[in-house]
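Here is the structure we will look at.
Position 1 is the first residue of the sequence; numbering continues from there.
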Amino acid sequence: MKIGILVREETMQICTGKGCLNAFFQRKDSFARYAEELELLTFTHTGGDLNRKIKNMIQAGIESVHLSSCLRARSPDYDSLIKGLSEHFTVVGYTHGPEVRTKDKVINDNDRTSS
């Protein structure tokens with residue numbers, strides 16, 4: 001399965017991506033759900049021309065997009081990102097850490113639930 005990870009642009013000013021990448025490569029947290037082989041094709045932030053990035057991800061055959069845990073916790077655009085991305089991809093609303101957090105929303109397999 002071809003995977004993309006979108007992170008928060010502001011967080012990338014100070015973050016190395018270690019938490020997201022560690023979860024991906026160790027198949028833990030949000031990536032533990034996959035039994036098949038995974039291919040990470042996109043690791044980018046939501047800034048810049050996001051519509052072009054989405055178009056490129058579609059052309060690359062990405063099936064599932066994971067929104068970083070920092071997006072879930074800090075982005076005011078989190079819900080609109082989910083809505084737009086879910087038109088093209090399966091959206092998983094976090095990368096690492098607990099699936100359900102007290103004050104954050106989690107999206108799994110295009111089903112929206114509030115915690």
Side-chain angles (χ1 to χ4, degrees):
M1 172 171 288
K2 296 178 180 181
I3 301 284
I5 298 174
L6 288 179
V7 300
R8 185 172 173 263
E9 181 179 17
E10 295 83 359
T11 301
M12 288 309 298
Q13 301 300 315
I14 59 170
C15 180
T16 63
K18 179 186 177 221
C20 294
L21 293 172
N22 187 46
F24 174 81
F25 287 114
Q26 291 189 20
R27 288 280 184 106
K28 64 181 191 176
D29 301 332
S30 72
F31 301 99
R33 70 187 68 229
Y34 301 104
E36 66 269 32
E37 182 178 329
L38 297 181
E39 185 177 2
L40 180 62
L41 294 182
T42 297
F43 185 90
T44 189
H45 60 73
T46 56
D49 189 346
L50 185 57
N51 288 327
R52 184 175 179 150
K53 291 178 184 182
I54 291 170
K55 180 180 176 184
N56 289 340
M57 289 190 296
I58 293 167
Q59 290 175 344
I62 289 176
E63 302 163 69
S64 183
V65 173
H66 288 244
L67 300 181
S68 66
S69 295
C70 62
L71 270 171
R72 175 176 75 170
R74 297 185 184 111
S75 177
D77 299 328
Y78 182 75
D79 290 332
S80 62
L81 279 170
I82 290 164
K83 184 177 180 181
L85 292 168
S86 66
E87 293 176 16
H88 308 285
F89 313 102
T90 297
V91 177
V92 180
Y94 78 113
T95 51
H96 59 284
E99 182 173 2
V100 178
R101 293 175 39 166
T102 306
K103 59 186 212 176
D104 297 325
K105 295 178 182 177
V106 178
I107 304 303
N108 290 310
D109 303 324
N110 291 329
D111 292 330
R112 184 177 282 196
T113 59
S114 293
S115 44

So, does [X] use its side chain to make a donor-acceptor pair with the main chain of [Y] at under 3.5 Å?
{"X": "Ser86", "Y": "Lys83", "result": "yes"}
{"X": "Tyr78", "Y": "Leu67", "result": "no"}
{"X": "Thr46", "Y": "Arg8", "result": "no"}

Rounded to the nearest 0.5 Å, how far apart are [atom1] of [X] and [atom2] of [Y]?
{"X": "Leu38", "Y": "Arg33", "atom1": "CG", "atom2": "CZ", "result": "11.0 Å"}
{"X": "Arg27", "Y": "Asp29", "atom1": "CZ", "atom2": "CG", "result": "13.0 Å"}
{"X": "Leu71", "Y": "Ile5", "atom1": "CG", "atom2": "CD1", "result": "11.5 Å"}
{"X": "Glu10", "Y": "Ser75", "atom1": "CD", "atom2": "OG", "result": "7.5 Å"}
{"X": "Thr42", "Y": "Phe89", "atom1": "OG1", "atom2": "CZ", "result": "8.0 Å"}

- Item | Shortest non-hydrogen contact from Ser69 toward Tyr94 |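 Where Ser69 meets Tyr94 most closely, the heavy atoms are OG-CB, 3.8 Å.
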- Message: If you compare all heavy atoms of Met57 against all heavy atoms of Leu85, which two are closest, and at what distance to 0.1 Å?
- Response: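 Result for this residue pair: CE-CD2, 4.4 Å.
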- Are any non-hydrogen side-chain atoms of Thr95 and Val7 less than 4.5 angstrom apart?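 Thr95 does not reach Val7 side chain to side chain.
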- Is there any side-chain hydrogen bond (donor to acceptor under 3.5 Å, both in side chains) pair reaching into residues 13-25, and which pairs are they, with sequence neighbours excluded?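 Pairs touching residues 13-25 that pass the test: Asn22-Gln26.
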- Only pairs at least two apart or in different chains count here, so list each side-chain hydrogen bond (donor to acceptor under 3.5 Å, both in side chains) that has a residue in residues 57-67.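 Of all non-adjacent pairs touching residues 57-67, those that pass side-chain hydrogen bond (donor to acceptor under 3.5 Å, both in side chains) are Ser30-His66, Tyr34-Ser64, Tyr34-His66.
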- Task: Check whether more than 12 heavy atoms from other residues, nucleotides or ligands sit under 6.0 Å from atom NZ of Lys55, and answer yes or no.
- Result: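 Open.
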- Taking only residues two or more places apart in sequence, or in another chain, which ones meet Phe24 in a ring-ring contact (aromatic ring centres under 6.0 Å, His included)?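 So Phe24 forms a ring-ring contact (aromatic ring centres under 6.0 Å, His included) with Phe31.
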- Item | Short side-chain donor-acceptor distance under 3.5 Å, Thr44 and Lys53 |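 Indeed, the side chains of Lys53 and Thr44 share at least one donor-acceptor pair under 3.5 Å.
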